[in-house]
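Heads up, the thing below is written out as structure tokens.
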Amino acid sequence: MAIEIIRTVSIISGMGVLLAAVLTLAERFLLNYGICKIIINKDREIEVKGGNHLLGSLIQNDIFIPSACGGRGSCGLCKVKVLSGGGPLLPTETPYLTKEEQENNVRLSCQVKVREDIEIEIPEELFNIREYTTRVEKIEELTHDIKTLTLRFLNGEEMDFRPGQYVQIKVPKYGKNTEEVYRAYSIASSASRKDSIQLIIRRVPEGICTTYIFDYLKEGDLLDLNGAYGDFYLRDTDREIIYIAGGSGLAPIKSMLHQMEEEGISRKATFFFGCVGKRDLYYIDEMKAFEGKIPNFKFVPALSGAGENEGWDGETGLITEVVDRYIKDGSNMEAYLCGSPGMIDACIKVLYNKGVTDDRIFYDKF
Ligand SMILES: Cc1cc2nc3c(=O)[nH]c(=O)nc-3n(C[C@H](O)[C@H](O)[C@H](O)COP(=O)(O)OP(=O)(O)OC[C@H]3O[C@@H](n4cnc5c(N)ncnc54)[C@H](O)[C@@H]3O)c2cc1C
Ligand code: FES
């Protein structure tokens, strides 16, 4: 009986996969959608070859929508409002769209296909985002799995950005990677330095972009990127600031600390930096040095791993525990978090318990 059920389920699943493959091939080779119009914000119009995804069609026309996962439908950043012509909402989109967004025709542009004329709305500031070519000026190893890249814009070009924002690197075809993909990286350098930027990148095993950066990219190579994106930036208030980061999440916080130093911002601020072991620590001297340059700033690195950290006399424990010990009353605090989704979600819970309200917590998860 059980075997028969398994066999029936397998046959049905197999037929489903076969049908999907036939439909994809039929769409690619038999259907011709001709040239379609994309009407943007009611006043711009571009013509594109029908049958491709909206995100790619926009990028081909130098309109850059945030797309940290390179169009795989797993980052949820590529949202645009589709007023007409986008077809029905797909199951791949719903996990990333709130009920309100769904009611307001917000869609993931990497999932929507342009099969007819389509009318969309995007924030005006996205028209300022450009593609740049950079030269890799310097690659430095910071830890066993983190490197920093210094990228200089070519031809005297400059990029304006807000500390905390990120760029998207275009990874070329290499090795087994057969298509260009984009990945997001936060800018770690000061926004007053416009002719080059610094990125801090952690290797993800088997990751397309990080394998390229760690195993293929060399000093002197050219690297394309676009930006700057994001609304993770220091709000102009007088509240006390809590920064929390793990791993390469230090990058945007470092840029914000440069801003505090250069603009003479003297709000009370504490930076909690969580790592597992001593081998994961980096830029400790640079962060500590900010204590002498930013009035009322304190740097608190903490190690969560037990055992291999002999000689460490700093804070220990999970970063959530350290933050819990330090903060007594968060009712006049503002928090900026950057790191893994697990770390951020756990820290947000601690911050809520301390009285930091939702509208004062800002983060970039990656
Ligand atoms: C706004 C934003 C800013 C970012 N800034 C930075 C930054 O400053 N520094 C930085 O190092 N990264 C940053 N990231 C993450 C970065 O964009 C890539 O997702 C990451 O480098 C992995 O890319 P990849 O192509 O090497 O791996 P992929 O080929 O995308 O992934 C390979 C596999 O690893 C998994 N995976 C993907 N990301 C991670 C991860 N972080 N940890 C564990 N497994 C993962 C995937 O699910 C997949 O199975 C940022 C992301 C966002 C959204
Ligand atoms: S680009 Fe990541 S979800 Fe669309």
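Start at 1 and go down the list; that is how both ligands and their atoms are numbered.
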Assess Arg44 against Phe127: is NZ or CZ under 6.0 Å from the centre of the six-membered ring, and within 45 degrees of the ring's axis?
yes

With Arg360 as the cation and Phe362 as the aromatic partner, state whether NZ or CZ is under 6.0 Å from the six-membered ring centre and within 45° of the axis.
no

Check the angle between the aromatic planes of [X] and [Y] and answer parallel, tilted or perpendicular using the 30° and 60° thresholds.
X: Tyr132; Y: Phe153; value: tilted
X: Phe290; Y: His258; value: perpendicular
X: Phe271; Y: Phe297; value: tilted

Is atom 18 (C) of ligand 1 in close reach of the protein, with a heavy atom under 4.0 Å away?
yes

Return a yes/no value: protein heavy atom under 4.0 Å from atom 47 (O) of ligand 1?
no

Can you see which heavy atom on Cys36 is nearest to which on Val114, and at what distance?
CB-CG1, 3.7 Å

Any atom of ligand 2 sitting under 4.0 Å from a heavy atom of Ala68?
no

To the nearest 10 degrees, could you say what angle atom 2 (Fe) of ligand 2 makes with SG of Cys69 and SG of Cys75?
110°

A student comparing Val204, Val171, Asp364, Thr211 should find that the heavy atom closest to atom 40 (C) of ligand 1 comes from Val204

Among Ser74, Ser186, Cys75, which one has a heavy atom closest to atom 8 (O) of ligand 1?
Ser186

Subset of ligand 2 atoms that lie under 4.0 Å from at least one heavy atom of [X]:
X: Gly76; answer: 2 (Fe), 3 (S)
X: Ser67; answer: 1 (S)
X: Ser74; answer: 3 (S)

Can you sort out which atoms of ligand 1 are near [X], meaning under 4.0 Å from one of its heavy atoms?
X: Ser248; value: 9 (N), 10 (C), 11 (O)
X: Ile201; value: 11 (O)
X: Ala68; value: 53 (C)

Are Arg203 and Glu141 close enough, and set up right, to give a salt bridge (charged side-chain N to carboxylate O under 4.0 Å, His left out), and what steps lead you there?
CA-CA 11 Å; Arg203 187 199 273 274; Glu141 220 161 280; over 6 Å; no

Check for me whether the distance between the ring centres of Tyr282 and Phe273 falls short of 6.0 Å.
yes

To the nearest 10 degrees, how large is the angle at atom 4 (Fe) of ligand 2 between Cys110 SG and Cys78 SG?
100°

